[in-house]
Amino acid sequence: AGTGGGADPMAFPSEWHREIISDFASAVRTAGRPAVSGREALDVRMLIDALTASARAGRRVDINANLESTK
């Protein structure tokens, strides 16, 4: 879709984060459930960190150990 990847994989639109934050705020206001839980968001963040570490190190990074240690 013309975002991310290539020379700058972190070049994605900020609207993606704004929509998640707006959804979370709405869930807080209405005592509802957000579309993305904190657990899911943390798992994605850890995946991104592992991908970045792997790219920098030029080797595989075991993310399973990191994911299991936070549950």
(message) If I take atom CD1 from residue Ile63 and atom CD1 from residue Ile48, how far apart are they, to the nearest 0.5 angstrom?
(response) 11.0 Å
(request) Find the distance between CZ (Arg29) and CZ (Phe24) and round it off to the nearest 0.5 Å. (result) 11.0 Å
(message) For a 4.5 angstrom cut-off between non-hydrogen side-chain atoms, does Glu40 reach Asp43?
(response) no
(message) Could you check whether any side-chain N or O of Ser26 sits under 3.5 Å from a backbone N or O of Ser22, counting only pairs where one atom can act as donor and the other as acceptor?
(response) no
(request) Find out whether Ile21 and Arg18 are in side-chain contact, i.e. whether some heavy atom of one side chain is under 4.5 Å from a heavy atom of the other. (result) no
(request) Could you tell me which non-hydrogen atom of Ala27 sits nearest to which non-hydrogen atom of Pro34, and how far apart they are? (result) CB-N, 3.6 Å
(message) In the structure I gave you, are the side-chain heavy atoms of Val36 and Asp23 within less than 4.5 Å of one another anywhere?
(response) no
(message) Using only atom types and a distance under 3.5 Å, with no angle test, would you say the side chain of Ser54 pairs donor to acceptor with the backbone of Ala50?
(response) no
